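The next block holds one structure in the form of structure tokens; read it before the comments.
Here the structure is a predicted model, which is why all the values come from computation and not from measurement.
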Amino acid sequence: MKVFISGPMKGYPNFNKEAFDRAEKELVQQGYTVFNPAWMDFSGEWTKQDKRAIDMAIMSRCDAIYQLPGWYNLENGGSRAEYAFAVASGMIFLEKDAKGLFFVVNKED
């Protein structure tokens, strides 16, 4: 299963890369194929619209989404847009239990 990691970046040290990388490692250890947006370097001329278009294109090829804590904060419009896209396209939502195991959750808008 291909999983897109979604989460807050704006306002976090190093754009929250450590949390994205930790989630990637945990998901891969449990057998998932992962796209981690923190891999991308968006320096230079990339606009917010460019970044969102790239995320949506990649999400359209993924089966599931895993959302890092804080994804819903008002400052994180990108994470909320990813949530809306995931709901609209019928993606599977993953959450993590107390033991660190990922499981499927039903999300309805």
Could you tell me which residues satisfy side chain to side chain donor-acceptor pair (under 3.5 Å) with [X], sequence neighbours excluded, listed by chain and number?
| X | value |
| --- | --- |
| Lys96 | Glu26 |
| Asn14 | Glu18 |
| Asn36 | Asp21, Glu24 |

Less than 4.5 Å apart, side chain to side chain, heavy atoms only: is that true for [X] and [Y]?
| X | Y | answer |
| --- | --- | --- |
| Tyr66 | Val34 | no |
| Ile65 | Ile92 | no |
| Val104 | Leu94 | yes |
| Phe20 | Pro37 | yes |
| Leu68 | Ser6 | no |

Going by side-chain contact (heavy atoms from CB on, under 4.5 Å), name the residues that satisfy it together with Ser89, two or more places apart in sequence or in a different chain.
Phe85, Met91
Report the residues that fulfil side-chain contact (heavy atoms from CB on, under 4.5 Å) with Lys25, sequence neighbours left out, ordered by chain and then residue number.
Gln29
Shortest non-hydrogen contact between [X] and [Y], atoms and distance:
| X | Y | answer |
| --- | --- | --- |
| Asp55 | Glu82 | OD2-OE2, 2.9 Å |
| Met1 | Ala64 | SD-CB, 3.6 Å |
| Ser79 | Gly7 | OG-O, 2.9 Å |

d(Arg52 CZ, Thr47 OG1) to nearest 0.5 Å is 10.0 Å
To the closest 0.5 Å, what do you measure between CZ (Arg22) and CG (Leu27)?
12.0 Å
When you look at Lys17 and Met9, which way does the side chain to side chain contact (heavy atoms under 4.5 Å, CB included) test go after all the steps?
CA-CA 8 Å; Lys17 184 173 177 9; Met9 291 181 161; over 6 Å; no
When the aromatic ring centroids of Phe93 and Tyr83 are compared, is their separation below 6.0 Å?
yes
Those residues at least two apart in sequence (or on a different chain) that pass ring pair (Phe, Tyr, Trp, His ring centres under 6.0 Å) with Phe35 are Phe4, Trp39
Okay, side chain of Lys2, backbone of Arg61: is any donor-acceptor separation there less than 3.5 Å?
yes
